[in-house]
S.K.: 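What follows is a single structure, and I will ask about it in a moment.
By convention in this document, chain letters (A, B, ...) are assigned in the order of the sequence lines, proteins followed by strands, and residues within each chain are numbered from 1. Bear in mind that the values here come from a model prediction, so they are computed numbers and not experimental data.
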There are 2 protein chains.
Amino acid sequence: MPGLIRKAGLRVTKPRLALLDALAAAGGPLSIEQLHGAVGAETCDLVTVYRCMGAFERSGVVARSYFHDGTTLFRLVREETDRFSYHVLSKTTNQVEALDEHSSAKIKQLVQQVEKSLRDQGFTDVGHIVEFFGTRT
Amino acid sequence: MPGLIRKAGLRVTKPRLALLDALAAAGGPLSIEQLHGAVGAETCDLVTVYRCMGAFERSGVVARSYFHDGTTLFRLVREETDRFSYHVLSKTTNQVEALDEHSSAKIKQLVQQVEKSLRDQGFTDVGHIVEFFGTRT
DNA sequence: TTGAGTGCAAAGGATTTGCAGGTTC
DNA sequence: GAACCTGCAAATCCTTTGCACTCAA
């Protein structure tokens, strides 16, 4: 984990290690609040969570997701393929579940196809947001 | 335009007419700020824009889009099929373009498939966000 | 008339910034 | 030692809410 941080050109500190550990343990997107709760308020200030995630995002260690209510969630980017993992966000429990592999693969394929078509049409710096949400009953 | 408002069970007022006109003229998603600017500050208060868009959304007259930076945008829903129209939002010009029909159709199909699968897995009140972004060069 | 809609001011919540002090390299 | 990080407090930004007034139906 320290390696990830160094490779990003950032200094290894207690809050940063804890935050990445929390993300890894969660196995899916977490909100700033959830991250703060996960590492414990003693570990660092809420502001530090914001700043760390900002730094991590800029260096590509984490990426953002958007919840249906506008909440921002962060997830670990371990490998290039992680940029293409998709999730279902439960409105009731705030839990996150990975989509089944079949769906994920199909989405990935389609998204790449659409983005290629956009590049062919002259767009650069192409990106996307794909989120599913629902209520667990 | 007044018909749209009445059909939604809402009262026809000057701000509401102006807001829908602005959306129609834009031909794509607009932010609250942009809407307020488009109708002119004399037409109504910023708060009214929030409230009107809230009311319109609840009655299905408009729908939300999400920009890559988390901004919320609203777009007109003229027909049922508009719920499943997808766009490319340009990061530079703030312009919006509809995706080509072929891509749109494929996305719609895939999204419905995934949502069905989610319902089969026990999710209710299922929804999604699908947005593409890019820079026009 | 009468409930829905609006303006204005103020409250709320989330995120950012300034600055002084502490820590990593 | 110098640059980078962090904590705390305060500033901002976006959105919602309360209340009295106005207007559409």
S.K.: At what angle, to 10 degrees, do the two end axes of the helix from dT1(C)-dA25(D) to dC25(C)-dG1(D) meet, given five pairs define each axis?
M.R.: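 If I round to tens, the end axes sit 40° apart.
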S.K.: Rounded to the nearest angstrom, tell me the gap between atom CD1 in I32(A) and atom C1' in dT16(C).
M.R.: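 In whole Å, dT16(C) C1' lies 12 Å from I32(A) CD1.
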S.K.: Separation of I5(B) atom CD1 from dA4(C) atom P, in whole Å?
M.R.: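 So the CD1-P distance, I5(B) to dA4(C), works out to 17 Å.
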S.K.: Please check if the side chain of Q121(A) supplies one atom and the backbone of S117(A) the other of a donor-acceptor pair under 3.5 Å.
M.R.: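 Indeed, once roles are kept as given, a pair shorter than 3.5 Å links the two residues.
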S.K.: Between dC25(C), dT15(C), dT6(D), which nucleotide gets closest to the side-chain atoms of T72(A)?
M.R.: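 Between dC25(C), dT15(C), dT6(D), the one nearest the side chain of T72(A) would be dT15(C).
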S.K.: Give a yes/no answer on whether the side chain of Y50(A) brings an N or O atom under 4.0 Å of OP1 or OP2 in dT16(C).
M.R.: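 No, because none of the side-chain N or O atoms of Y50(A) sits under 4.0 Å from OP1 or OP2 of dT16(C).
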S.K.: Tell me if a side-chain donor or acceptor on Q34(B) pairs with a main-chain N or O of S31(B) at a distance below 3.5 Å.
M.R.: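 Flag set: sc Q34(B) to bb S31(B) pair under 3.5 Å.
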S.K.: Short question: side chain of R119(A), backbone of T124(A) - any donor-acceptor pair under 3.5 Å?
M.R.: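 No, R119(A) side chain to T124(A) backbone: no donor-acceptor pair under 3.5 Å.
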S.K.: If you check the L10(A) side chain, which of dA25(D), dC5(D), dT6(D) turns out closest?
M.R.: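 Taking heavy atoms from C-beta onward, the closest nucleotide is dC5(D).
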S.K.: Could you state the CD-P distance from E42(B) to dT6(C), rounded to the nearest angstrom?
M.R.: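 Taking atom P of dT6(C) as the reference, CD of E42(B) is at 16 Å.
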S.K.: Do S59(A) side-chain atoms and A55(A) backbone N/O form a donor-acceptor pair below 3.5 Å?
M.R.: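 Yes, the answer is positive, given that a donor and an acceptor are paired below the 3.5 Å cut-off.
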S.K.: Is the side chain of R6(A) donor-acceptor paired with the backbone N or O of V12(A) at a distance under 3.5 Å, no angle test?
M.R.: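 No, the answer is negative, given that no donor and acceptor are paired below the 3.5 Å cut-off.
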S.K.: So, OP1 or OP2 of dT6(C): does either fall under 4.0 Å of a side-chain N or O from T13(B)?
M.R.: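 Answer yes for this pair, as a side-chain N or O of T13(B) is under 4.0 Å from OP1 or OP2.
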S.K.: What is the distance, to the nearest angstrom, from the CG atom on L46(A) to the C1' atom on dT17(C)?
M.R.: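 In whole Å, dT17(C) C1' lies 14 Å from L46(A) CG.
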S.K.: Would you indicate which nucleotide in dT6(C), dG7(D), dA3(D) comes nearest to any side-chain atom of R11(A)?
M.R.: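 The answer is dA3(D).
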S.K.: If you check every side-chain atom of V47(A), which of dC8(D), dG7(C), dG5(C) has the closest atom?
M.R.: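 So the nucleotide nearest the side chain must be dC8(D).
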S.K.: Using a cut-off of 6.0 Å, state whether more than 12 heavy atoms not belonging to Q109(A) lie near its atom CD.
M.R.: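 It does not: Q109(A) CD has 12 such atoms or fewer within range.
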S.K.: Over how many whole Å does the gap from D45(B) atom CG to dA10(C) atom C1' extend?
M.R.: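 Result: 13 Å.
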S.K.: Could you tell me how far apart K14(A) (NZ) and dG7(D) (C1') are, to the nearest whole angstrom?
M.R.: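 Going from NZ in K14(A) over to C1' in dG7(D) covers 12 Å.
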S.K.: Indicate, with a heavy-atom threshold strictly under 4.0 Å, whether T43(A) touches base, sugar-phosphate, or nothing.
M.R.: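 It contacts sugar-phosphate atoms only.
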S.K.: Return the value, rounded to whole Å, for the distance between atom CZ of R58(A) and atom C1' of dT16(C).
M.R.: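 In whole Å, dT16(C) C1' and R58(A) CZ are 11 Å from each other.
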S.K.: Nearest-Å distance, CE (M53(B)) to C1' (dT16(D))?
M.R.: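 Result: 16 Å.
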S.K.: The side chain of R16(B) lies closest to which of these nucleotides: dT23(C), dA25(D), dT6(C)?
M.R.: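 When the side chain of R16(B) is considered, dT6(C) is the closest of dT23(C), dA25(D), dT6(C).
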S.K.: Counting heavy atoms from C-beta on, name the nucleotide in dC8(C), dA14(C), dA24(D) closest to the side chain of R51(B).
M.R.: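 So the side chain of R51(B) is nearest to dC8(C).
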S.K.: Does a donor on one side chain and an acceptor on the other come within less than 3.5 Å for E131(A) and H128(B)?
M.R.: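 Not at all, the side chains of E131(A) and H128(B) share no donor-acceptor pair under 3.5 Å.
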